[in-house]
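Below: the structure, in structure tokens.
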Amino acid sequence: MCGIVGIAGFMPVNQSIYDALTVLQHRGQDAAGIITIDANNGFRLRKANGLVKDVFEARHMQRLQGNMGIGHVRYPTAGSSSASEAQPFYVNSPFGITLAHNGNLTNAHELRSKLFEGARRHVNTTSDSEILLNIFASELDRFQHYPLEAENIFAAIAAMNRQIRGAYACVAMIIGHGLVAFRDPHGIRPLVIGKRTLPDGRNEYMVASESVALDTLGFEFLRDVAPGEAVYITAKGQLFTRQCAENPSCHPCLFEYVYFARPDSFIDKISVYSARVRMGEKLGNKIAREWEDLDIDVVIPIPETSNDIALEIARILNKPYRQGFVKNRYVGRTFIMPGQQARRQSVRRKLNANRAEFRDKNVLLVDDSIVRGTTSEQIVEMARDAGAKRVYLASAAPEIRFPNVYGIDMPSVNELIAHGREVSEITQLIGADALIFQDLNDLIDAVREDNPDIEQFECSVFDGIYVTKDVDQGYLEHLEALRNDDAKALRGQQEVENLEMHNEG
């Protein structure tokens, strides 16, 4: 999962993009990048591994001049976590194009070969985002006049949609033209657009992964970018939009509402906060109905995504709600840390149990989801070490049994604790006295309530149904070989060795 932002305005955008990326930091903590277009029609780029606050120093910000720019925070799924794969990417021809991408292409291997053999374009990294950029550039190159019209840009995006498969929300800039944004025909990854009117009446526009980024910068939320839709904003502030997919359909990722998005965001007309409260209501009713024999003394969330969920469960069960874990806010989100060892080491640095809330109590811990199970196992152990008599665990999401291929790092079935296991086995593995999962239909109903027009969510991690209909066992095996923790560790070691050889040379 990644976060993207783009601003087309009439004042310097460097600080605004920086601020937006800090608001979207929860979507990716591996790398960050900003690129602007200066007054001489040149790209100004800064990107590196690390958090936004660490990547951009004052000297970098001063160089990022211009009234139009895009930004990206990365959490690696496809490719590696090398600094060379930080976004945005850019190509010099035609015109000069730069792009940032959230999602994952499911036919990246086929597209890479097609680019090299057919369009004579070389992709230098393992990132599917660079593939996407080069396809966009190749399609724009078919038009031999300057400047391009909005119709040409939309035609290029329509041609892309016919070639690429998977999940993609993208923001791009074309030198001499303006800012472009587009969303995949299934609407899997989120993208919103906002407007800010200056005192002189001119309009500045902003696109971002989540509406909270618009709120922070004082942009009026206009709407979600529709599945398959493209947006083009010229340097003069003209806004053009066009549906560029033949059969668009709205299948937003259900896991966005469970875990990734901030609670103060709206995605596809759904309040993330309200959806999480309803998740707690559904789960609380299930516990009251099916687990009435549990002697629960207190309800404790595993911070922070589950806080609102746990509060609603406590209300329904008529049990005390307590903050039993104190979070170190200077440690990143463990689920999106690359590598199993990094995740394991960070859990106890991230959370500490408040013994007063656990001692001699039967506690119901509430989490948003259980993915690999390593975090849950350690947290249950922490609760016991703090004096809990019995430890029950409730998950606001159903069992995650299948890999994700659309931009979330759940690729290897062998790393998913629920894959091929019954709930009783999972309970034993994490050391809980009871384990309660949300029902999938209840989760869907909780999220859909704000927008009944959504007929189907992207739920593949729960039900194994892939909405792009192009994912088979061979692809899953290929993806697992690329993305499991052992493969990532090997690539990381190779990158270190390559760097050492370069330095010695």
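Basis for what follows: all heavy atoms, side chains included, without hydrogens, waters or symmetry-related copies. The structure presented is a predicted model; accordingly, all values stated were derived computationally and were not measured.
Environment of CD in Gln473: crowded, with over 12 heavy atoms of neighbouring residues, nucleotides or ligands closer than 6.0 Å. When the shell of 6.0 Å around CZ of Phe221 is examined, it contains more than 12 heavy atoms from other residues, nucleotides or ligands. More than 12 non-hydrogen atoms from other residues, nucleotides or ligands lie less than 6.0 angstrom from CD of Glu57. The local environment of CD in Glu425 is crowded, with over 12 non-hydrogen atoms from other residues, nucleotides or ligands closer than 6.0 Å. Annotation for Asn318: atom CG does not count as buried by contact number, only 12 or fewer foreign heavy atoms lying within 6.0 Å.
In this structure, Tyr18 and Phe56 have perpendicular ring planes: the angle between them is above 60°, well past the 30° mark.
At least one side-chain heavy atom of Arg27 sits less than 4.5 Å from a side-chain heavy atom of Ser209. Lys350 has its side chain within reach of Lys327: a pair of non-hydrogen atoms, C-beta onward, lies under 4.5 Å apart. Taking the side chain as every heavy atom from C-beta outward, Pro185 and Tyr168 approach each other to under 4.5 Å. Put simply, the side chain of Leu111 reaches to within 4.5 Å of the side chain of Ile164, judged on heavy atoms. Residues Cys2 and His72 form a side-chain contact, since some pair of their non-hydrogen atoms from C-beta on lies under 4.5 Å apart. Looking at Val225 and Val192, their side chains never come closer than 4.5 Å, going by heavy atoms from C-beta outward. Residues Phe89 and His101 have side chains not in contact (no heavy-atom distance under 4.5 Å, counting atoms from C-beta outward). Inter-residue side-chain proximity for Leu443 and Met279 is flagged as met; some heavy-atom pair is nearer than 4.5 Å.
When all heavy atoms of Cys459 and Leu254 are compared, the closest pair comes out as SG-CD2, 3.7 Å. Listed here is the closest heavy atom pair of Leu351 and Ile302: CD1-CG2, 4.1 Å. Residues Pro88 and Ile35 come closest through the heavy atom pair CG-CG2, 3.7 Å. Annotation for Leu133 and Thr98: closest pair CD1-C, 4.3 Å, computed over non-hydrogen atoms. Contact detail for Asp360 and Lys389: the closest heavy-atom pair is O-CE, 3.3 Å. When all heavy atoms of Ile300 and Glu357 are compared, the closest pair comes out as CD1-O, 3.9 Å.
A donor-acceptor contact closer than 3.5 angstrom is absent between the side chains of Tyr392 and Asp295. Using modelled atom types and a 3.5 Å distance limit, the side chains of Asp450 and Ser271 yield no donor-acceptor pair. Under the 3.5 Å distance criterion, with hydrogens and angles disregarded, no donor-acceptor pair is assigned to the side chains of Ser265 and Tyr273. Remark: the Ser395 side chain and the Gln438 side chain contain no N/O donor-acceptor pair separated by less than 3.5 Å. In this structure, a donor-acceptor pair under 3.5 Å is absent between the side chains of Arg322 and Asn354.
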Derivation of the side chain to side chain contact (heavy atoms under 4.5 Å, CB included) call for Val277 and Leu311: CA-CA 8 Å; Val277 171; Leu311 187 59; over 6 Å; no

Glu304 and His26: CA distance, side-chain angles, deciding distance, side chain to side chain donor-acceptor pair (under 3.5 Å) verdict: CA-CA 12 Å; Glu304 290 179 315; His26 60 283; over 6 Å; no

Chi angles and distances behind the side chain to side chain donor-acceptor pair (under 3.5 Å) call for Gln378, Ser376: CA-CA 5 Å; Gln378 292 181 70; Ser376 302; over 6 Å; no

Ring pair (Phe, Tyr, Trp, His ring centres under 6.0 Å) between Phe358 and Phe325, worked out: CA-CA 10 Å; Phe358 289 93; Phe325 292 104; 5.2 Å; yes

Arg278 and Glu312: CA distance, side-chain angles, deciding distance, salt bridge (charged side-chain N to carboxylate O under 4.0 Å, His left out) verdict: CA-CA 8 Å; Arg278 291 190 294 267; Glu312 189 67 6; over 6 Å; no

Check against side chain to side chain contact (heavy atoms under 4.5 Å, CB included), Lys47 and Gln87: CA-CA 7 Å; Lys47 60 179 182 177; Gln87 298 186 44; 5.7 Å; no

Full working for side chain to side chain contact (heavy atoms under 4.5 Å, CB included) between Val366 and Val299: CA-CA 7 Å; Val366 180; Val299 178; 3.8 Å; yes

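Put simply, the side chain of Asp224 gets close to the backbone of Asp268: a donor and an acceptor are under 3.5 Å apart. Side-chain atoms of His60 come within 3.5 Å of backbone atoms of Val55 as a donor-acceptor pair (strictly under, hydrogens ignored). A donor-acceptor contact shorter than 3.5 Å is absent between the side chain of Thr427 and the backbone of Ala434. Judged by distance alone, the side chain of Asp128 and the main-chain N or O of Ala108 form no donor-acceptor pair under 3.5 Å. Remark: side-chain polar atoms of Lys319 are paired, donor with acceptor, to backbone N or O of Ile296 under 3.5 angstrom. Side chain of Glu480 to main chain of Glu477: no donor-acceptor pair is present (N/O by atom type, distance under 3.5 Å, no hydrogens or angles). Under the 3.5 Å distance criterion, the side-chain polar atoms of Glu130 are matched with a main-chain donor or acceptor of Asn124. For the pair Asp367 (side chain) and Ala396 (backbone), a donor-acceptor distance under 3.5 Å is absent. Of the possible donor and acceptor atoms, none in the side chain of Arg223 sits under 3.5 Å from a partner among the backbone N and O of Lys269. A distance-only check finds no donor-acceptor pair linking the side chain of Arg165 to the backbone of Leu105 [under 3.5 Å].
One distance of note links NE2 of His478 with OG1 of Thr106; it measures 11.0 Å at 0.5 Å rounding. With rounding to the nearest 0.5 Å, the separation of CD1 in Ile417 from CG in Leu429 is 5.0 Å. With rounding to the nearest 0.5 angstrom, the CD atom of Glu415 is 9.5 Å from the OG1 atom of Thr374. For the atom pair CG (Asp442) and CG (Leu440), the distance works out to 9.0 Å, reported to the nearest 0.5 Å. Atom CD1 of Ile430 is separated from atom CD of Glu377 by 8.5 Å, given to the nearest 0.5 angstrom. Note that the CD1 atom of Ile309 and the CG atom of Asn307 stand 9.0 Å from one another [nearest 0.5 Å].
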Enumerate donor-acceptor pairs with a distance under 3.5 Å from any side-chain N or O in residues 283-292 to protein atoms, sequence neighbours excluded.
residue : atom : partner : partner atom : Å
Asn285  : ND2  : Glu281  : O            : 3.1
Lys286  : NZ   : Phe437  : O            : 2.5
Lys286  : NZ   : Asp439  : OD1          : 2.9

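Evaluated for a side chain to side chain contact (heavy atoms under 4.5 Å, CB included) with Asn102, the options Ser129, Cys170, Pro190 yield exactly one hit, Pro190. With Pro227 as reference, Arg183 is the one residue of His186, Arg189, Arg183 to meet the side chain to side chain contact (heavy atoms under 4.5 Å, CB included) rule.
Salt bridge present: Asp433 and Arg384 bring a charged side-chain N and a carboxylate O closer than 4.0 Å. Electrostatic pairing of Arg74 and Asp30 counts as a salt bridge here, judged by a charged N lying under 4.0 Å from a carboxylate O.
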